Amino acid sequence: MKKYRTHNCNDLRKSLVGQSVKISGWINKKRDHGNLLFIDLRDNYGITQCIIDKDNLRFTELEKMQLETVVKIEGEVVNRSKETINKDIETGEIEVSIKNFEVLGTCKELPLPVFSDQEYSEEIRLKYRFLDLRRKKIHQNIILRSKVISFIRSEMNKLGFLEFQTPILTSSSPEGARDFLVPSRLNPGKFYALPQAPQQFKQLIMVSGFDKYFQIAPCFRDEDARADRSPGEFYQLDLEMSFVEQEDVFDVVEKLMVKVFKNFSNKNLLFESFPKITYSDAMLKYGTDKPDLRNPLIISDLTKLFNRDDISFKIFKDLIKKGSIVRSIITKNTKDKPRSFFDGIDKWAKEQGSSGLAYFTIEKNDKILGKGPVGKFFSEESLVELMKLTKAEIGDTVFLSCGKQNEVEKILSIARTKIAQDLGLIREENFAFCWIVDYPIFELDEITKKIKFSHNPFSMPQGDIDKLDLSNPLSLKAYQYDIVCNGIELSSGAIRNHIPDLMYKLFDIAGYSKQDVDQKFSGMINALSYGAPPHGGIAPGIDRIVMLLADEKNIREVTMFPMNQNAQDLMMNAPSEISENQLKELNLSLKAKK
RNA sequence: GGGGGUGUAGCUCAGUUGGUUAGAGCGAUCGCCUGUCACGCGAUAGGUCGAGGGUUCGAGUCCCUUCACUCCCGCCA
């Protein structure tokens, strides 16, 4: 007979009544009746009720046992009487009558209760993560994560992708996020960087002729955290394919996502073929390149409408003369909403740092008119035109924002979410995926006024490469795409630029000389000049996928051992100081603290 | 770097307009209880009200500074 258990805590059923069994686990809960004691024993698989009474010589000893003590229980599986069956647990028809027990691991007084639906501060949860992880919800989330990753691996294998590991210690790259740096002992004064993503390696794998690569890849970026962004490290399903166009990548990822989301969630997929929205359309209609398509509200541009002489909205007209734009959000059939609703939105918008949202409702008595604070500025004819432009109808409300383009985009983007939430328009039981495509290669840096790469410097420009006109770089689009679900950016990818000459030209526009490129991207630029296949890929974020599947708002709920917002591991005490000796070996000295 | 929220018993929280000895539930300890499954009942212990300073006859409560956690902006090719 096995030493610790013959069954786990979710194995025992009616069919085993009468058997002698051993089960091991944690004391989840005790219910002490003085002369009769119930113990819920818990392990990874489930809970079994065990029972002991005062006839057993060791009754008092077990009665005093702390919750979360690890014990081995030996006893007999017995039937529960009809009235005492517990339908909430799978083993609820039976219980184990305790003959003997052994303490396998004692437990001090708990800093946080394990068996409870209460919420606790992140601080205490992260410090005692091993206790927190015993709790049902997060325990299940982590198991879900494991299953999702296995599923993805198996699907990728079926599709003919090969899984490879790429280096963790690599070189710092000048573009993108801040690097985590690791000093080199053998090369004093030099540093490795942890990879922000295996970007160059996966392209080198294609150049090496492996055709299809994937990896559940750790990525390291030294940037500040958000609820959906772990500080420091996260995981991507990194993949790359040779001899493909954009559509080939979409095809693989779309099918994979549909399978994963159908397999691991009961929510509906609104689109099994994901809509493709151009970057510029997304910025216009949603104000962001990560729109939540569950939200039916659409933004329209009304700048030109304000050229009409029968609109007397002077403040907006003056701003437009100075280069501002006007865009709107229409809410359907909101004429009967109380004044406080509209003023609340305006007040909220001001709190967000904008100049607020003007609004009026379109009504019709004898004629069509605008009702509300700024409604009087619009003639009937101008309202008819507005309704044509925005697809608004009688009874709808028009919210207006006027300002610099990026300001208007920003406020209307969050206003779109806010208004939809207030009106209850977002269906939580749905997943809405989409592709954002046709990203510009370059953008203007607001501060330096210089041209810089807007996303990935390795993306292939769209159009006929031989006839590419580089004289107007800001108009160039790339085969660069993002996948977005419910307003969360899951990943970005691209068809890569595998032509060294073209790459030099593009880097030149962003201010990198040939020497810069040769030095900073030596591995890759060199490889591309020895016969590189056309290739492309993408890298969906694993943590965010699991977050969506687990219906969690915070990435730490699907991360086993996360760091806190200040990038500290409260359980392991990282980061920590190091010894003088370690510093010396690394040829480093620290500046004196202020 | 900036803005918001939170900080009171081991845990989750309440604490009125500034006013007597700062409370509750869970947990802990002790006692009672043989069918519970959030078992029940009784008692006890447990507090630098995040820290420091100020206003006041008097501060958990008001003011200033600061720290921690968290959400957001910046940042995240």
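Fair warning: this is a prediction, and the values are worked out from it, not measured in the lab. So you know, we letter chains A, B, ... as the sequences are listed, proteins then strands, and number each from 1.
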I want to know whether [X] and [Y] have ring centres closer than 6.0 Å.
X        : Y        : value
A/His33  : A/Phe38  : yes
A/Phe521 : A/Phe507 : yes
A/Tyr512 : A/Tyr504 : no
A/Tyr479 : A/Tyr439 : no

Please give the distance between the [atom1] atoms of [N] and [M] as a whole number of Å.
N     : M     : atom1 : answer
B/G58 : B/U65 : C1'   : 23 Å
B/G54 : B/G18 : C1'   : 15 Å
B/C26 : B/A45 : C1'   : 16 Å
B/U8  : B/A68 : C1'   : 15 Å
B/C64 : B/G19 : C1'   : 24 Å
B/A59 : B/G52 : C1'   : 15 Å
B/C37 : B/C30 : P     : 24 Å
B/C49 : B/A24 : C1'   : 16 Å

For atom NZ of A/Lys450, decide whether the heavy atoms of other residues, nucleotides or ligands shown that lie under 6.0 angstrom number more than 12.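 Atom NZ in A/Lys450 is not packed in, count stays at 12 or less.
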Quick check against the 3.5 Å criterion: does A/Tyr481 have a side-chain atom that pairs as donor or acceptor with the backbone of A/Lys276?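 Not confirmed, A/Tyr481 side chain does not pair with A/Lys276 backbone.
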Using atom types as modelled and distance alone, determine if a side-chain donor or acceptor of A/Thr170 lies under 3.5 Å from a backbone N or O of A/Pro167.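 Side chain of A/Thr170 to backbone of A/Pro167, a donor-acceptor pair under 3.5 Å: no, none is there.
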Polar pairs (N or O, both sides) under 3.5 Å between protein and nucleotides 66-68 of chain B?
| from | atom 1 | to | atom 2 | distance (Å) |
| --- | --- | --- | --- | --- |
| B/A68 | O2' | A/Glu123 | OE2 | 3.3 |

Please walk me through it: do A/Phe433 and A/Leu490 pass side-chain contact (heavy atoms from CB on, under 4.5 Å)? CA-CA 10 Å; A/Phe433 278 91; A/Leu490 286 183; 3.6 Å; yes
Tell me what [X] touches on the nucleic acid: a base, only sugar-phosphate, or nothing, going by heavy atoms under 4.0 Å.
X        : answer
A/Thr84  : base
A/Lys29  : sugar-phosphate
A/Ile47  : nothing
A/Pro457 : base
A/Ser454 : sugar-phosphate

Under 3.5 Å, is there any donor-acceptor pair linking the side chain of [X] to the base of [N]?
X        : N     : result
A/Arg229 : B/C75 : yes
A/Arg80  : B/C37 : yes
A/Gln118 : B/G27 : no

Relative to the 5' end of RNA chain B, which residue comes earlier, A/Met65 or A/Leu126, by the nucleotide with the nearest heavy atom?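 Nearest-nucleotide comparison on RNA chain B picks A/Met65.
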Nearest nucleotide by nearest heavy atom, which residue falls closer to the 5' end of RNA chain B, A/Asn86 or A/Tyr120?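 Comparing both residues, the 5'-ward one is A/Tyr120.
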Which nucleotide, B/C33, B/G35, B/C76, lies nearest any side-chain atom of A/Arg221?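 Among B/C33, B/G35, B/C76, the one nearest the side chain of A/Arg221 is B/C76.
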Return the stems involving RNA chain B, sorted by first number, where pairs are Watson-Crick (N1-N3 with N6-O4 or O6-N4) or G-U wobble (N1-O2 and O6-N3), both under 3.5 Å, and runs are 3 or more long.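 So far as stems of 3 or more pairs are concerned, RNA chain B shows B:1-7 with B:67-73, B:10-13 with B:23-26, B:28-32 with B:40-44, B:50-54 with B:62-66.
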Can you tell me if the side-chain N/O atoms of [X] get under 4.0 Å from OP1 or OP2 in [N]?
X        : N     : answer
A/Arg556 : B/C71 : yes
A/Gln66  : B/U29 : yes
A/Lys54  : B/C33 : no

Please determine whether a side-chain nitrogen of the Lys or Arg among A/Lys30 and A/Asp32 lies less than 4.0 Å from a carboxylate oxygen of the Asp or Glu.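 No, A/Lys30 and A/Asp32 are not salt-bridged.
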Mind checking ring pair (Phe, Tyr, Trp, His ring centres under 6.0 Å) for A/Phe442 and listing every partner two or more places apart, or none if nothing turns up?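 Residues passing ring pair (Phe, Tyr, Trp, His ring centres under 6.0 Å) with A/Phe442: A/Phe453.
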Between the base of B/U36 and the ring of A/His33 - centre-to-centre under 5.5 Å, planes within under 30° - is that a stack?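 Base of B/U36: not stacked against A/His33.
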To the nearest 0.5 Å, tell me how far A/Ser24 OG sits from A/His7 NE2.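 The NE2 atom of A/His7 is 12.5 Å from OG of A/Ser24, to the nearest 0.5 Å.
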